[in-house]
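Let me begin by presenting the structure, written as structure tokens, before commenting on it.
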Amino acid sequence: MKQIRKDHAPDKAPPASAARRIPSVDRLLSNTTAAPLIETFGRSSLADAIRADLARIRAGEVEAGDGETILARCEAALKAERSPSLKPVFNLTGTVLHTNLGRALLPRSAARAVEAVMVQATNLEFDLATGARGERDDHVEGLIRKLTGAEAAIVVNNNAAAVLLVLNALAMRREVVVSRGELVEIGGSFRVPDVMVRAGCRLVEVGTTNRTHLRDFAEAIGPRTGLVMKVHPSNYAIEGFTAQPDPKALHALCGERGVPLAEDLGSGSLIDLAAHGLPPEPTVSEALSRADVVTFSGDKLLGAVQCGIIAGRKDVLARIRKSPLKRALRVDKMTYAALEAVLRLYLHPETLRDELPTLRLLTRKRAVIAAQAERLAPAVAERLSGHAVVAVAECVSQIGSGALPVETLPSAAFVLTPVGKGKRGAGGRCRQLAERLRQLPVPVIGRINEDTVILDLRTLEDETGFLSSLSTLRQ
Ligand SMILES: *Cc1c(COP(=O)(O)O)cnc(C)c1O
């Protein structure tokens, strides 16, 4: 029986000949090629996709074609709709901690820990010993204390949230003293002066861009001061005629005046990176020896998930914990599970380099990466033939996320020079190649440099996955 349903009727009647050529939704649904689509996507979704396609035909946006053609378009649309938007990519940009590509990679043990607490109830805020209510920070506080020497620790959504909470809880409607050399912007949306305003604090700038002295702080600290803050100038460096007060002397001054000293460390390494052949970066324990509260990110050098950690003196953290903002900035059980698993790896320093992806990738030697590049070059060249010529070259990687901005790590890369001619020019061909690589099943993200696409192999571990993704490049 043929049904004619009102809701399928077009608003405006198309020309009689065209209308005759457009099949009805019901006819398309009973087409034999529709059966597997109904099985996969469900009848109502397919009907919606057909209606949308018929509307485009009537609007003259696509050629009608036969029933099979329409259903093929519907299948493509339904597949696109169902493919995940957030997905894995190969980060071959040379920036190990790439904020836009999700920063630190988690070890498998952390991913397993996250999965375990996701699909079952957990003791997130439940003390198994007493059966009473627990504190979510208890799951990681002991580890953070042990690894940093802090008396207490709080975890929030990210380091920006950690800074906001510290400022708001310790210095709302009060003054915060900061050196002019440390009023930095980190990644566009985090500017120290703006965060101060949002936290309800009054910024008191001292010193100059290049030189700030202890006496500048001594003169600025007064009865209205709530906090003195130091900011690690993550993504830039001031060189030459510079001065900052001795950190211990500043800490002592704050102690005498009864004002807490907070340090925003940004990256927060828990270990001495120099011992791993990397450029030195202040560790959380070092910062804690000269500050009362230290804030740092969980997904930068620490190598865990997005979160912000506030570590420091017990009495100061107790004040922070009471802030109503703490509740608004708290993190989920998944974050604690991943963070706890990563912190546990630090208990075994001998295996840390192998187990923690961030440290493993940062410490790969150029010779090892170059050998990998030479070994893979023929297979990569074959998959890229018709698209680009592949060469192996030395390059430099960056740590990223504002850590150690002036330091680079020697590495090796594939340099892809696009082939072909045409009016696009070398630059256009290069952008097109980069785009094709971004459209692979597991997108490959490189960087463009002088009409070539550079794929830095420092961060390439899944070689099989990389080659099979490249294999799907269309000719
Ligand atoms: C990265 C950074 C931040 C922001 O940290 P998020 O974890 O991205 O919120 C704040 N301060 C400093 C010094 C940083 O390096």
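Predicted model only: the values in this text are computed from it and were never measured. Counting convention: from 1, in listed order, for ligands and their atoms alike.
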ask   = Any ion pair linking Arg145 and Glu141 (charged N to carboxylate O, less than 4.0 Å)?
value = no

key: Within 6.0 Å of CZ in Arg375, more than 12 heavy atoms from elsewhere   = yes

inquiry  = Please list, in number order, the atoms of ligand 1 under 4.0 Å from a heavy atom of Lys300.
reply    = 1 (C), 2 (C), 3 (C), 5 (O), 14 (C), 15 (O)

query = If you measure from the Lys or Arg side-chain nitrogens to the Asp or Glu carboxylate oxygens, is any gap between Lys230 and Glu182 under 4.0 Å?
reply = yes

key: Heavy-atom neighbours of Arg431 CZ exceed 12 at 6.0 Å   = no

ask   = Can you find an N or O of Asn159 that's nearer than 3.5 Å to an N or O of ligand 1?
value = yes

task = Would you kindly specify which portion of Arg103 sits under 4.0 Å from ligand 1, judged on non-hydrogen atoms: side chain, backbone, both or neither?
result = side chain

remark   = Closest to atom 7 (O) of ligand 1 (heavy atoms only, candidates Ser297, Ala160, Ala161) is Ser297

ask   = How does Gln306 reach ligand 1, by side chain, by backbone, by both or by neither, if only non-hydrogen atoms under 4.0 Å count?
value = neither

query = Near Phe190, which atoms of ligand 1 are under 4.0 Å from a heavy atom of that residue?
reply = 10 (C), 11 (N)

task = May I ask whether Val163 places a heavy atom under 4.0 Å from ligand 1?
result = no

task = Return yes if a side-chain donor-acceptor contact under 3.5 Å exists between Thr363 and Arg353, otherwise no.
result = yes

message = Out of all atoms in ligand 1, which are within 4.0 Å of some heavy atom of His232? Include the element for each.
response = 13 (C)

task = Flag the pair Asp315 and Arg313 as a salt bridge only when some basic side-chain nitrogen lies within less than 4.0 angstrom of an acidic carboxylate oxygen.
result = yes

